[in-house]
A.B. asks: 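My questions will all concern the structure given below.
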Protein chains: 2
Amino acid sequence: MDATQTPARRGRPGYDRDQVLTVAVQLFNDQGYDATSVADLAAKLGVTKSALYHHVDSKESILQTALDDALSSLEGALDDAVHEHDDAIGRLRQVVRGAVGVLAQKLPQVTLLLRVRGNSEIERAALERRRAFDHRVTAIVRDAQSEGALADDIDAAVATRLIFGMVNSLTEWYRPGGPVTPDRLADDVLRIALDGLDRVPEGA
Amino acid sequence: MDATQTPARRGRPGYDRDQVLTVAVQLFNDQGYDATSVADLAAKLGVTKSALYHHVDSKESILQTALDDALSSLEGALDDAVHEHDDAIGRLRQVVRGAVGVLAQKLPQVTLLLRVRGNSEIERAALERRRAFDHRVTAIVRDAQSEGALADDIDAAVATRLIFGMVNSLTEWYRPGGPVTPDRLADDVLRIALDGLDRVPEGA
DNA sequence: GTCTATATTAGGATAGAC
DNA sequence: GTCTATCCTAATATAGAC
């Protein structure tokens, strides 16, 4: 699962499947999936197209693998949040933390997932899983409103989408190894979503 | 600028440039710019590829036009906000309202803009203008923190990105004519960003 | 404003040798 | 695990008639 760190290239490259997948997903994110040709990927790896097809069945199978990875991780984080907390507000906090964590840990795969538009059966299936995830989170937000823990003058679906709008936008600029840690980011998202930025909370 | 409403197709379609651009940008958003071929666009319009090239110079010139439209509108909204308010917090509120308004009014063009990855000179120029916009807004957020109107325990750049993460995520689900109005959306974004969702503000 | 026909290049993918 | 050579399709774009 960690391929970039072990190139071990002497003379001929000599890649394994994971290395190919890692570079492919990076390239898909840099240029867009559709704008990236198999020739581009081969060039980036320094091998021919034929060599690539020794490792993967098709361009789409690379996409499939990455999307499954991202979705399974996000679904797992949601499951964990539900199991670890009995109150909806606790579950919401935890699912935001979990999603930010997954996003940080599997940034390339999640980035790819968030850009899928439904151009193939594989993409449509991924969108369907995303929708199911969103619905489960929306239900948690609605529960938190019923509990009295969250303001209910904003529609639960709208609130959920705006909160995850913040979370998902992290793929646009968060880079691992940068100055901001994932934990701090999750704190900031929850801080804005729950407390807001107006003044300092302990001020006055 | 409003083409979809006047098809007036009798026998042969008979399109003008604006109609072609409108349909093109819609299709680019549905399928992705790179995944959309000129043949797809021609099929959608019910004409041949050659007929299309009578209206536009190239596929990229369509993109160029749409991106310019979106960027000019956003920059205009920012200029307006700065001119209409002297305090940074007022400017921030207004630029969020303005950006949501532009997003709602020019949803296709803004959606296209937000998906650009820098695959060509045109795309890179658009990204550069976006960055300049972001920097100007970040400066406003920083000023609002200095004014004491905004909490300063979150980095201004991070706060700006998260707020605009919410705003920009509207392209993923907001559709004109739906149940939620743009004004209400801007209120919700500002409400979350400034006051937060924790409890009801006037509660207890 | 649209058509048929076509030039040209790039795309995904395979066969079979090393 | 990689190579050369190749197939076939689809891509952007143009020429010139109606």
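Per chain, numbering begins at 1; letters A, B, ... match sequence-line order. This is a predicted model, so every value here is computed, not measured.
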A.B. asks: Report the C-alpha distance between Asp188(A) and Arg184(A) in whole Å, list the side-chain angles of each, state the deciding distance to 0.1 Å, and finish with yes or no for salt bridge (Lys or Arg N to Asp or Glu O under 4.0 Å).
C.D. replies: CA-CA 6 Å; Asp188(A) 287 351; Arg184(A) 176 62 203 264; 2.9 Å; yes
A.B. asks: Using a strict 4.0 Å threshold on nitrogen-to-oxygen distance, state whether Arg129(B) and Glu75(B) make a salt bridge.
C.D. replies: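 Here Arg129(B) pairs with Glu75(B) in a salt bridge, since their nearest N and O are under 4.0 Å apart.
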A.B. asks: How long is the line joining CD1 of Ile62(B) and P of dT12(D), in whole Å?
C.D. replies: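 Distance, rounded to whole Å: 10 Å.
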A.B. asks: So which pairs with a foot in residues 134-143 of chain B pass salt bridge (Lys or Arg N to Asp or Glu O under 4.0 Å), sequence neighbours left out?
C.D. replies: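 Every pair satisfying salt bridge (Lys or Arg N to Asp or Glu O under 4.0 Å) with a residue in residues 134-143 of chain B: Asp79(B)-Arg136(B).
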A.B. asks: Calculate the interatomic distance between Leu63(A) atom CG and dG12(C) atom P; express it in whole Å.
C.D. replies: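 In whole Å, dG12(C) P lies 13 Å from Leu63(A) CG.
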A.B. asks: Kindly write out the residues that satisfy ring-ring contact (aromatic ring centres under 6.0 Å, His included) with Tyr174(B), not counting sequence neighbours, or none if the list is empty.
C.D. replies: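 Partners of Tyr174(B) under the ring-ring contact (aromatic ring centres under 6.0 Å, His included) test: none.
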A.B. asks: Would you write the dot-bracket representation of DNA chain D, where each base gets (, ), [, ], | or . depending on whether it forms a Watson-Crick or G-U pair under 3.5 Å and with which partner?
C.D. replies: |||||||.||||||||||
A.B. asks: I need the CD-P distance between Glu60(B) and dA13(D), as an integer number of Å.
C.D. replies: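 That distance rounds to 8 Å.
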A.B. asks: Would you say a side-chain N or O of Tyr53(A) is under 4.0 Å from OP1 or OP2 of dA13(C)?
C.D. replies: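 The answer is yes; a side-chain N or O of Tyr53(A) sits under 4.0 Å from OP1 or OP2.
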A.B. asks: Of the nucleotides dG1(C), dG1(D), dC3(D), which has the atom closest to the His54(A) side chain?
C.D. replies: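 Given the options dG1(C), dG1(D), dC3(D), the side chain of His54(A) is closest to dG1(D).
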A.B. asks: Could you go through residues 92-102 of chain A and list every donor-acceptor pair under 3.5 Å that involves a side-chain atom there, pairing it with any protein atom two or more places apart or in another chain?
C.D. replies:
| residue | atom | partner | partner atom | Å |
| --- | --- | --- | --- | --- |
| Arg97(A) | NH1 | Asp187(A) | OD1 | 2.8 |
| Arg97(A) | NH2 | Asp187(A) | OD1 | 3.3 |

A.B. asks: Expressed as a whole number of angstroms, how long is the span from His55(B):NE2 to dT12(D):P?
C.D. replies: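 Spelled out: NE2 on His55(B) to P on dT12(D) is 17 Å.
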A.B. asks: Donor-acceptor check, side chain of Gln145(A) to backbone of Leu150(A), threshold 3.5 angstrom: yes or no?
C.D. replies: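 Here the side-chain-to-backbone pair does not exist.
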A.B. asks: How about Gln109(B) and Asp69(B): does a side-chain donor come under 3.5 Å of a side-chain acceptor?
C.D. replies: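 On atom types as modelled, these side chains qualify, holding a pair under 3.5 Å.
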A.B. asks: Rounded to the nearest angstrom, tell me the gap between atom CG in Leu45(B) and atom C1' in dC3(C).
C.D. replies: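 Computing the Leu45(B):CG to dC3(C):C1' distance gives 15 Å.
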A.B. asks: For Arg124(A), check side-chain hydrogen bond (donor to acceptor under 3.5 Å, both in side chains) against everything at least two apart and list the hits.
C.D. replies: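 If we apply the side-chain hydrogen bond (donor to acceptor under 3.5 Å, both in side chains) test to Arg124(A), skipping adjacent residues, the hits are Glu121(A).
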A.B. asks: Between the protein and nucleotides 8-11 of chain C, which nitrogen or oxygen pairs come in under 3.5 angstrom?
C.D. replies:
none

A.B. asks: Do the side chains of Arg117(A) and Asp30(B) get close enough for a salt bridge, i.e. N-O under 4.0 angstrom?
C.D. replies: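 Answer for the salt bridge query: no.
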A.B. asks: Report the distance from atom CD of Gln19(A) to atom C1' of dT2(D), rounded to the nearest whole Å.
C.D. replies: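 The answer, rounded to whole Å, is 14 Å.
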A.B. asks: Tell whether Ser50(B) reaches the base of dT4(C) with its side chain through a donor-acceptor pair below 3.5 angstrom.
C.D. replies: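 When only heavy-atom distances are counted, Ser50(B) does reach the base of dT4(C) through a donor-acceptor pair under 3.5 Å.
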